Trainee: 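This structure is in structure tokens; I'll ask about it shortly.
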Amino acid sequence: MRPDTPTTGGVRLAVQELRTHFELRRWGFLRAGSVQAVDGVSFELAAGEAVAFVGESGCGKSTLARTLLGLHRPSAGQVVCDGEALGSLSGAALKRYRARVGYVQQDPYGALPPFMDVRRILEEPLKVHGVPRAERAERIAAALAEVRLAPAADYLGKFPHMLSGGQQQRVVIARALVLAPSLLIADEPVSMLDASVRVEILELLHRIQRERELTLAFITHDLSTVRHYASRVFVMYAGRIVEEAPVDELIDRPQHPYTQALLAALADPDPENARRERPIPAGEPPSLIAPPVACRFHPRCPHHMPGLCDVDTPPDFEPRPGHHSACWLHR
Ligand code: SF4
């Protein structure tokens, strides 16, 4: 670890029956339903733990991330951070919470203001959160060094379009770190990058998480990489968590049919099989405006039991110690 790396320590996070719904209105005022983007999600993260939230696009994982950031107000349930309920915070307390949460977006180019150079991009959060001017240059240089953009003088005057995709994402990570957060939320941080730099960025995030002992929530659609940086995995489907387990246990012994389908759809080293189209899994993810009743996966599930899976919502079963799956097959 570099001697100047701040070891901020992570936060404990408890999320209880969280719902984030978005109301749809016709002609601006008539209620026309709601998008149930996150619907009854509960989990706990220990301080310094790195976890992954996995699922197809539209499963609600990015809305969950934005709710944890305090950018969406929950429709129900709560997020408790180190014993303090996020919903009870406002004004200065909410601002302090946001300073404790770093956010790494999916699209680095879109995340960086094109008219600001790297110095201004990194200085902006320090200004907003009242860091004295005399400290700012040192903190900016330390953040750039931490993401391996050194010497800082080579990058401070550059605008986003002058940087490669990997360098842009390093600046986004530096901006997320410059306020010394305790919780880092990374939302598909490598999905828009070339394959050649993805591993570098994943390794960088993993190293920073361990060195700073941060709590890390990693949002991804890619189960193939989670073993490298997460100790636990939550699988989301249609706004709900359907499976949760330690990473090796989940990948080696998936219990929920949806997770099994996701793993089966990962690239096959056999070129003959890789050439074949393999849906992930068969069928489309459901609309979150009118999701299927009971088990939301039942229209796509090869094990669907009519009269049960489409009538009653499966509770959380624990088919193996520490391994949770919301599926009637475990009853
Ligand atoms: Fe499939 Fe039924 Fe399990 Fe849902 S509850 S995943 S439909 S077997």
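As the structure is a prediction and not an experimental result, all values here were calculated from the model. Order of listing sets the numbers, starting from 1, for every ligand and every atom in it.
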Trainee: Within a radius of less than 6.0 Å around CD of E138, do more than 12 heavy atoms belonging to other residues, nucleotides or ligands occur?
Mentor: no

Trainee: For side chain to side chain donor-acceptor pair (under 3.5 Å), just list the numbers for E249 and H323, CA-CA rounded to whole Å, side-chain angles, deciding distance to a tenth of an Å, and then say yes or no.
Mentor: CA-CA 8 Å; E249 163 75 15; H323 193 146; 2.6 Å; yes

Trainee: Which atoms of ligand 1 have any heavy atom of C301 under 4.0 Å away?
Mentor: 1 (Fe), 6 (S), 7 (S), 8 (S)

Trainee: Counting non-hydrogen protein atoms only, what is the nearest one to atom 5 (S) of ligand 1? Give residue, atom name and distance.
Mentor: W328 N, 3.3 Å

Trainee: Can L179 be reached from L122 by stepping across I, L, V, M, F, W or Y side chains whose heavy atoms are under 4.5 Å apart?
Mentor: yes

Trainee: Can you list the ligand 1 atoms lying under 4.0 Å from a non-hydrogen atom of H298?
Mentor: 7 (S)

Trainee: Under 4.0 Å from a heavy atom of L329: give me the atoms of ligand 1 that qualify, with their elements.
Mentor: 8 (S)

Trainee: Donor-acceptor pair, K61 side chain versus G55 backbone, under 3.5 Å?
Mentor: yes

Trainee: L216 pairs by side chain to side chain contact (heavy atoms under 4.5 Å, CB included) with which of L184, I185, V51, L183?
Mentor: L184

Trainee: Considering only heavy atoms of P257, which atoms of ligand 1 have at least one such atom less than 4.0 Å away?
Mentor: 6 (S)

Trainee: Can you name the atoms of ligand 1, numbered from 1 with element, that are less than 4.0 Å from a heavy atom of C309?
Mentor: 2 (Fe), 5 (S), 7 (S), 8 (S)

Trainee: What atoms in ligand 1 come closer than 4.0 Å to a heavy atom of H256?
Mentor: 6 (S)

Trainee: How far is atom 3 (Fe) of ligand 1 from its nearest protein heavy atom, and which residue and atom is that?
Mentor: C327 SG, 2.3 Å

Trainee: Run the salt bridge (charged side-chain N to carboxylate O under 4.0 Å, His left out) check on R100 and D82 step by step: do they pass?
Mentor: CA-CA 11 Å; R100 297 182 71 195; D82 279 344; 2.9 Å; yes

Trainee: Between A217 and F53, which heavy-atom pair has the shortest distance, and what is it?
Mentor: CB-CE1, 4.1 Å

Trainee: At less than 4.0 angstrom from any non-hydrogen atom of C295, what atoms of ligand 1 do you find?
Mentor: 4 (Fe), 5 (S), 6 (S), 7 (S)

